[in-house]
Amino acid sequence: MSLSLSADQPAVPDDADDGVWLECIECGETFAPFDDVRYTCDDCDSLLEVRYADLPTFDDFEGQGVWRYADALPFESGVSIQEGATPLYEAPRLEESIGVEALRIKHEGMNPTGSFKDRGMTVGVRVAEELGVGRLACASTGNTSAALAAYGSRGGMETLVLLPAGKVAAGKIAQASLHGARILEVDGNFDACLDIVQELAGQGEAYLLNSLNPFRLEGQKTIGLEILEGFLADYDTVPDRIVLPVGNAGNTSALYKAFRELVQAGELEEDDVPKLTGVQAEGAAPMVEAVENGADEVRRWEDVETRATAIRIGNPVNAPKALPGIRETGGTAVAVSDEEITEAQRDIAAEGIGVEPASAASVAGLRKLRAEGIVDDDERVACLTTGHLLKDPDAAAAAGSDPEPVPADTQGVLEHLQD
Ligand SMILES: Cc1ncc(COP(=O)(O)O)c(C=O)c1O
Ligand SMILES: N[C@@H](CCOP(=O)(O)O)C(=O)O
């Protein structure tokens, strides 16, 4: 199977362009990467992956941010707003209360538009330039639209975003709007929006930059590479486990691909690959259902609901890439309640780190798996927090405390403080 950790580096096909090509994860058909717009396999409609004749080693990486990893990407540079190089925070109180050997928070909310999507867009918009496409489009629960709008406008391109009406956090709509995207509010959920954008893209109306686009995931691989380099620098070893929120399952797929490439390059032992551990909200947990049932396919959930609107997704399009990632690394998947997510958001905030609800799912999931004994106390763990607190100010305000009204004089303030 091409997605197995022990798969050999494939032979370079004739249609490779400068050592880069696209390959179907199911039937293995290969395609030239930039001669035509395609998102899935022409023959069997399955997902595609980007492949390289030369795989990078840690020594090849230089510079900072996403483009530090140019040797693991299809281009040397892209449309950039200095994405990547996000902090790998210590979280000593969480580490102790959850009870693991080491806990680090990889905070993707510190990217230019406040989420990990920027890593995918810097590469995706560069590919759009190469293909010479016109309008860029995405379906979004919010963050993809903010990143698409920012990177599209920086690249001088028109952007169109389809959002589920009433289900996108205020900060994200504000970003998409100010960066100049045309915003369509759809009377349906995210999955319906993605169905429509896929059809529009299929009709040549726009270039799709959701994570179904294999080039987006190349940029997102760099999260995994940064985490490994950070752990190697601080602990002289890679993490035992990476816990991450799951929506469309792009990051799970991207991190797994990054690790597979390092294994194929002889840079990482198969046994050392971090266990990929996905977390979903209970009201939108199709991946968890598939992992728990040992299923090879994910059943689409038509009705999804969670306060963590970023991961309010019932049909994770990258499931065929992400499921092998979880299984082959010995990871797992777990669902958490909205209350557990809010509690984790408060706990992370108490470390001085501000994250949006979907991001807090990772820490909530780790706490749950540790309490159940599925995560051991001797594990070194990285939790991915995917978006900034200010993305969803309403959720932050609801999770925090209310302001207290006081009179405009010092005596009045002192009296209030003594109450
Ligand atoms: C803040 C945030 N966290 C997590 C996710 C889920 O990531 P993925 O779709 O890569 O699973 C998303 C979007 O899908 C998101 O916006
Ligand atoms: N949370 C996402 C959902 C779409 O995910 P994508 O990675 O496939 O673009 C968002 O922010 O829209």
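Whatever order the structure lists them in is the order used to number ligands and atoms, beginning at 1. The figures that follow rest on heavy atoms only: side chains count, while hydrogens, waters and symmetry mates do not.
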Under 4.0 Å from any heavy atom of [X], which atoms of ligand 1 are there?
| X | answer |
| --- | --- |
| Thr386 | 1 (C), 2 (C), 3 (N), 4 (C) |
| Gly247 | 6 (C), 7 (O), 8 (P), 9 (O), 11 (O) |
| Ala310 | 1 (C), 2 (C), 12 (C), 13 (C), 14 (O), 15 (C), 16 (O) |
| Gly250 | 8 (P), 9 (O), 10 (O), 11 (O) |
| Asn143 | 1 (C), 2 (C), 15 (C), 16 (O) |

When you compare ligand 1 with [X], is there at least one nitrogen or oxygen pair between them that comes in under 3.5 angstrom?
| X | value |
| --- | --- |
| Gln220 | no |
| Thr252 | no |
| Asn248 | yes |
| Asn251 | yes |

Could you check whether any heavy atom of Ala249 sits closer than 4.0 Å to an atom of ligand 1, since that is the contact criterion I want to use?
yes

Using heavy atoms and a threshold below 4.0 Å, how should the contact between Glu356 and ligand 1 be classified: side chain, backbone, both, or neither?
side chain

Counting heavy atoms under 4.0 Å, the part of Ile311 that contacts ligand 1 is side chain

Any salt bridge between [X] and [Y], counting N to O under 4.0 Å?
| X | Y | result |
| --- | --- | --- |
| Arg51 | Glu261 | no |
| Glu130 | Arg126 | yes |
| Asp347 | Arg93 | no |
| Arg119 | Glu83 | no |

Is a donor on one side and an acceptor on the other found under 3.5 Å between the side chain of [X] and the backbone of [Y]?
| X | Y | answer |
| --- | --- | --- |
| Glu49 | Glu23 | no |
| Ser253 | Ala249 | yes |
| Arg380 | Val238 | no |
| Arg367 | Ala344 | no |
| Arg241 | Ala382 | no |

Show the atom names and distances, to 0.1 Å, of all donor-acceptor pairs under 3.5 Å that link a side chain in residues 176-189 to residues at least two apart or in another chain.
unit_1: Asn189; atom_1: OD1; unit_2: Asp191; atom_2: N; d: 3.1
unit_1: Asn189; atom_1: OD1; unit_2: Ala192; atom_2: N; d: 3.0
unit_1: Asn189; atom_1: ND2; unit_2: Glu302; atom_2: O; d: 3.3

Return the closest protein heavy atom for atom 7 (O) of ligand 1 as residue, atom name and distance.
Phe116 CZ, 3.6 Å

If you have a sec, work out which protein heavy atom is nearest atom 13 (C) of ligand 1 and how many Å separate them, to one decimal?
Lys117 NZ, 3.0 Å

Glu226 vs Phe231 side-chain heavy atoms within contact, under 4.5 Å:
no

side-chain contact (heavy atoms from CB on, under 4.5 Å) with Arg104: which of Leu384, Ile227, Leu94, Asp234?
Asp234

Row check, Phe61 ring normal vs Arg68 NZ/CZ: under 6.0 Å, within 45°
no

Would you please write out the protein residues whose heavy atoms approach any atom of ligand 2 to under 4.0 angstrom, listed by chain and number?
Lys117, Ser140, Thr141, Gly142, Asn143, Thr144, Phe190, Asn210, Ser211, Arg216, Asn248, Ala310, Ile313

